[in-house]
Undergrad: 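Right, I'll just put the structure down here and ask away after.
Note that the structure is a prediction, hence the values are computed from the model and not measured. Counting begins at 1 with the first residue of the sequence. For the numbers below, each heavy atom of this structure counts, side chains included, while hydrogens, waters and symmetry mates do not.
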Amino acid sequence: MADENDSDDSLEDQLRAGDPDAVRQLFLQLYDELRKRARHYMNGDGGITLEPTALVNEAFLKIQQAGGPLTDREHFLRTAARAMRQILVDHFRRRSLTAKDDQADVEVTLDPLAEAYQERAIDLLDLDAILSELERSDPEMAQFIELHFFGGVSTADIAEMTGVSRRTLERRWTVAKRWLHARLDRD
């Protein structure tokens, strides 16, 4: 166990130093997790034509192009979630511009980890606009939603990443879902 922690510490040191090999190594460690989340986006008939592998690989390229050093696994996951959100939105916008009919709305599940009690689908561009609005008033909650939705990070992992108790995050998530539903209904 100590060896695993030592290697994690070493990898984090390499990340902070801006070592591109460390970024690749972390990407490979998280690849299956990221691909599983990307595959979820592609399961519906929402019109997203990217393959899960392509989405994850594009996100990795975007992270590499950004160039800034990553501090740790959590920073990588936050960055990957943001990159996947941007890629999906850009992909949909490009498709919308080339589509001959305006009926191609990409719908995604708002909270794929809680499908048992929530079966609402929303337009990806609406979600992006609403998250951008939320970022101005509550950046922490916007980041939580982005991590949870686009990054596939569990509430427990987000609690650990942010140092906020899981129970507090779950209460805030309940409030955020109500706000999102009200905002979506208004739009």
Side-chain angles (χ1 to χ4, degrees), residues 30 32-50 52 55-56 58-59 62-63 71-96 99 102-187:
L30 297 173
D32 288 338
E33 186 178 332
L34 293 170
R35 194 167 182 289
K36 180 180 176 185
R37 177 56 38 208
R39 189 175 26 239
H40 175 81
Y41 300 131
M42 312 314 163
N43 280 342
D45 50 80
I48 297 175
T49 58
L50 278 174
L55 177 59
V56 171
E58 277 192 53
K62 197 170 189 77
I63 291 168
T71 57
D72 53 26
R73 177 182 187 275
E74 289 78 18
H75 188 199
F76 182 91
L77 286 172
R78 287 192 306 270
T79 305
R82 173 60 54 106
M84 288 198 290
R85 172 184 169 192
Q86 291 170 346
I87 291 163
L88 286 169
V89 169
D90 290 346
H91 177 74
F92 177 67
R93 284 187 178 135
R94 281 192 303 273
R95 279 197 69 232
S96 294
D102 291 324
Q103 298 177 12
D105 286 336
V106 173
E107 292 186 343
V108 291
T109 306
L110 178 61
D111 185 6
L113 301 178
E115 286 182 52
Y117 64 86
Q118 180 183 343
E119 295 179 354
R120 180 179 178 105
I122 60 171
D123 181 275
L124 184 58
L125 293 179
D126 288 345
L127 176 61
D128 183 58
I130 290 168
L131 281 177
S132 295
E133 179 184 325
L134 184 59
E135 285 171 343
R136 290 187 291 277
S137 62
D138 191 346
E140 185 179 64
M141 181 50 60
Q143 184 180 65
F144 169 61
I145 292 169
E146 190 172 68
L147 278 168
H148 189 62
F149 179 76
F150 290 98
V153 181
S154 71
T155 304
D157 288 343
I158 293 171
E160 187 177 317
M161 288 168 65
T162 60
V164 175
S165 76
R166 183 175 178 176
R167 190 173 168 145
T168 299
L169 280 178
E170 287 171 351
R171 278 194 304 266
R172 290 194 67 205
W173 176 236
T174 299
V175 171
K177 281 194 296 189
R178 286 186 192 131
W179 181 84
L180 286 168
H181 285 289
R183 187 67 175 80
L184 289 166
D185 289 343
R186 189 176 82 197
D187 289 347

Undergrad: Considering all heavy atoms of both residues, which atom of Ala80 and which atom of Ala59 are nearest to each other, and what is their separation?
TA: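 Nearest pair, atom of Ala80 first, then Ala59: O-CB, 4.5 Å.
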
Undergrad: Can you find a pair of side-chain heavy atoms, one from Leu34 and one from Met84, that are under 4.5 Å apart?
TA: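 Leu34 vs Met84: side chains touch.
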
Undergrad: May I ask you to test the His75-Thr79 pair for a side-chain heavy-atom distance under 4.5 Å?
TA: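 A side-chain contact under 4.5 Å exists here.
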
Undergrad: Check each of Leu131, Asp138, Ile158, Ile130 against Ile145 using the side-chain contact (heavy atoms from CB on, under 4.5 Å) test, and report the only one that passes.
TA: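 Result for side-chain contact (heavy atoms from CB on, under 4.5 Å) with Ile145: Leu131.
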
Undergrad: Within the supplied structure, the quantity of interest is the number of heavy atoms (other residues, nucleotides, ligands) at a distance under 6.0 Å from Glu160 CD; does it exceed 12?
TA: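 No.
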
Undergrad: About how many Å separate CE of Met141 and CZ of Arg172, when rounded to the nearest 0.5 Å?
TA: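 Arg172 atom CZ to Met141 atom CE measures 4.0 Å (nearest 0.5 Å).
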
Undergrad: Report the distance from atom CG of Leu77 to atom CG of Leu30, rounding to the nearest 0.5 Å.
TA: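 If I round to the nearest 0.5 Å, the distance is 5.0 Å.
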
Undergrad: Determine, stepwise, if the pair Lys62 / Glu58 fulfils salt bridge (charged side-chain N to carboxylate O under 4.0 Å, His left out).
TA: CA-CA 6 Å; Lys62 197 170 189 77; Glu58 277 192 53; over 6 Å; no

Undergrad: Which atom pair, heavy atoms only, marks the closest approach of Ala81 to Glu146?
TA: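 Ala81 and Glu146 have their closest heavy atoms at CB-O, 3.6 Å.
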
Undergrad: Within a strict 4.5 Å, meaning less than it, do heavy atoms of the Trp173 and Thr155 side chains meet?
TA: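 When only atoms from C-beta onward are counted, Thr155 and Trp173 do not touch, as no gap falls below 4.5 Å.
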
Undergrad: Roughly how far, to the nearest 0.5 Å, is CD of Glu33 from OG of Ser154?
TA: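 Reported to 0.5 Å precision, the distance equals 8.5 Å.
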
Undergrad: First locate atom CD of Glu140, then atom CG of Leu134, and finally report the distance between them rounded to the nearest 0.5 Å.
TA: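 The distance works out to 11.0 Å.
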
Undergrad: I'd like to know if Glu170 and Arg166 make a salt bridge, using a cut-off of under 4.0 Å between side-chain N and carboxylate O.
TA: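 Between Arg166 and Glu170 there is a salt bridge, with a charged N closer than 4.0 Å to a carboxylate O.
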
Undergrad: Using side-chain heavy atoms (C-beta onward) and a distance below 4.5 Å, is Met161 in contact with Leu147?
TA: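 In short, these two side chains touch, coming nearer than 4.5 Å.
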
Undergrad: For the residue pair Leu169 and Thr162, establish whether any side-chain heavy-atom pair is separated by less than 4.5 Å.
TA: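 Yes, close enough: below the 4.5 Å cut-off.
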
Undergrad: Rounded to the nearest 0.5 Å, what separates atom CD in Gln86 from atom CG in Leu88?
TA: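 Output value for this atom pair is 10.5 Å.
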
